[in-house]
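See structure below.
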Amino acid sequence: MPVVFLFFFVLTVRDYSNRLSPVSQAMRGQFGVMNAGLAESIGGVEVVKGNAQEEQEIDKFTDNATQFRDFFIKNGEIQAVYLPLLVYSIMLALGFFHALWLWRGGILSLGDVVAFMGLFGILRFPTFISIFSFDLVNLGIAGARRILELINTETELDENEAGHNAKIKGQVTFENVRFGYDKTAVLENINFSIEPGQTVAIVGQTGSGKTTLTRLINRIFDSQEGRVLIDGIDVKDWSLESLRSQISTIEQDIFLFSLTVAENIAFGNPEATREEIIQAAKEAQAHDFILGFADGYETEIGERGVTLSGGQRQRLAIARAFMTQPSILILDDSTSAIDSATEDKIQQAMRRISRQQTTFLITHRLSQIRWADRILVLSNGTIADQGTHEELLERSPAYQRIFARYE
Ligand code: ADP
C-alpha cells in the first residue's frame, strides 16, 4: 500500500502542479501590473489631481486589485481540492484493512500491525506539507522566470569591445543615413559633414527628427542604411565605451540620481576634485542656487532631498557636461527652462569650451542658432538645407519660415 500510495502521490502532485502553475504565473503577472499601475498613479499624482481623475485612478486600481484577488481565490480553490491528501487517507484505510487481513491470517502479529500503522502515519506530514511547498516552488519558478527574462534580454547593439579606441577629434559625417524606429523612416537621406570644434544647430519643427539624428551619433540607435562616421571611422567600429565616454548629451528629460548635488555633477568623472566641481557649477550658473541650499553641495536630490526646478536641473546637467570635457557635446533644448540673462552667461562659458569640441545644438532660440557655424534645417526627416544663418536666410524658404516665427 505505501508503494501504491507513492505511485498515486506522484501522479496527483504532478496534476496539482500542472493546474497550479498557470494560475501562479498569472497571479505573479497581475501583481506586477497592479504595482506598476499604482506606482504610475502615485508618481503622477499631480497630473491626476490637476485633471480631477482621482475616481478613474481608484477604479483602475480596484480593477487591478480585483483581478489579483480573483487569481488568489482560484489559487486557493486549487489548493482546496488537493488530491494527494485524499489519496493518502484512502491508502491508509486500505493499508489498515490489508494489515488486519494479514493479522487474521496469522502472518502478522498485532504489534506488527500497530508498528506498520505508525510507520504509515509518518507519510502524512510530507503529504500534507507538499501542498504548500509545491505552491511555493511554483510561485518561485514563476518569479524566477520573469526575472530571468529581464536578465537574459540582450541588446541588439554590438558593443564592439575590441573596437577602435582613441581620443575623438570631433569630425562627424553622415553618409546617406536612413533610420526609423519601426518600418516607417524617421530620417532619410541624411548627408552632412562637420569639422572638429564646429558648432551645429539643428532646427526644424517638432517631430522632424532632430533628437533622433543626435541619437545616431552616440549609438543609442544604429542607422539602418548609410553610415555615421566619427573622425572618419564608422561608429559601429568604435568601441562603444570609448565612443560614449567622449560624447556628452544633455537630453530634454534630465535624469538626476538620488545622490548629492556634488555627486550628480561629478557623475561622469568620479575622481573630480571639489574645486573642479565648483568650477563647473559656476560656469553652468548653478553655483549660486546650490549655495542657497542649507547643505550646499552636499544637498541630497530626489525623494530624500530637495526637488529642483526645470531650470535648476538643466543647469546641473550642463555642469555635468562641463565636467566630463567631452569631445562631442549634444545639447537637446537644454536651456529651454532657463531665463535669457542666465542663458547668456552659460553660453559664454559654453563658447569658451566649445572651441575644443564639436557641439550639436537643438534649440529654438535664435540667439543660439545665430552663433552656430552650420545650421541643418530638418523637415520631415530629411535635410531641407544646410549652411550659415546668412546663407539660409537668403535662399531657404523652410528656414525663412522657421525664422519668421521667431521674429
Ligand atoms: P524632434 O526632436 O525633431 O522633435 P524626434 O526625433 O524626437 O523629433 O522624433 C521624430 C519622430 O520619431 C517622431 O514622429 C516621433 O514620434 C518618433 N519617435 C521618437 N522617438 C521614438 C521612439 N523611441 N520610438 C518610436 N518612435 C519615436
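When a ligand or atom number is given, it counts from 1 through the structure's own listing order. Nothing fancy with the numbering, it's 1 onward along the sequence. Predicted model only: the values in this text are computed from it and were never measured.
Residue contact check for ligand 1: Ser208 places a non-hydrogen atom closer than 4.0 Å to it.
Taking atom 23 (N) of ligand 1 as the reference point, the nearest protein heavy-atom neighbour is Tyr181 CE2, 3.6 Å. When hydrogens are left out, the protein atom nearest atom 7 (O) of ligand 1 is Thr211 CB, 3.6 Å; that is the closest non-hydrogen contact.
Between Asp332 and Thr211, the side chains place a donor N or O and an acceptor N or O closer than 3.5 Å (distance only, hydrogens not considered). Side-chain atoms of Asn380 and Thr382 include no donor-acceptor pair closer than 3.5 Å.
Considering backbone and side-chain atoms alike, Gly207 places an N or O below 3.5 Å from some N or O of ligand 1. Some N or O of Gly209 is nearer than 3.5 Å to an N or O of ligand 1, by distance alone.
Gln79 places no side-chain N or O within donor-acceptor distance of the main-chain N or O of Asn75, the cut-off being under 3.5 Å.
Ligand-side atoms of ligand 1 in range of Gln205: 3 (O), range being under 4.0 angstrom from any heavy atom. Within ligand 1, counting atoms from 1 as listed, the ones closer than 4.0 Å to a heavy atom of Arg215 are 20 (N). Near Thr206, with a cut-off below 4.0 Å to any heavy atom, the atoms of ligand 1 are 4 (O). Near Thr212, meaning under 4.0 Å from one of its heavy atoms, ligand 1 places the atoms 5 (P), 6 (O), 9 (O), 10 (C).
Using a 4.5 Å cut-off on side-chain heavy atoms (C-beta onward), Phe128 and Tyr88 make no contact. Within the 4.5 Å cutoff, no side-chain heavy atoms of Ile301 are placed close to those of Leu259. Within the 4.5 Å cutoff, no side-chain heavy atoms of Thr363 are placed close to those of Leu331.
The CG atom of Leu393 sits 9.5 Å away from atom OG1 of Thr388, with the distance rounded to the nearest 0.5 Å.
The presence of a protein heavy atom under 4.0 Å from atom 10 (C) of ligand 1 is confirmed. For atom 16 (O) of ligand 1, the nearest protein heavy atom lies 4.0 Å or farther away.
Only the side chain of Val186 comes within 4.0 Å of ligand 1, counting heavy atoms alone; its backbone N, CA, C and O stay farther away.
Applying the 6.0 Å contact sphere to NZ of Lys74 captures no more than 12 heavy atoms from other residues, nucleotides or ligands.
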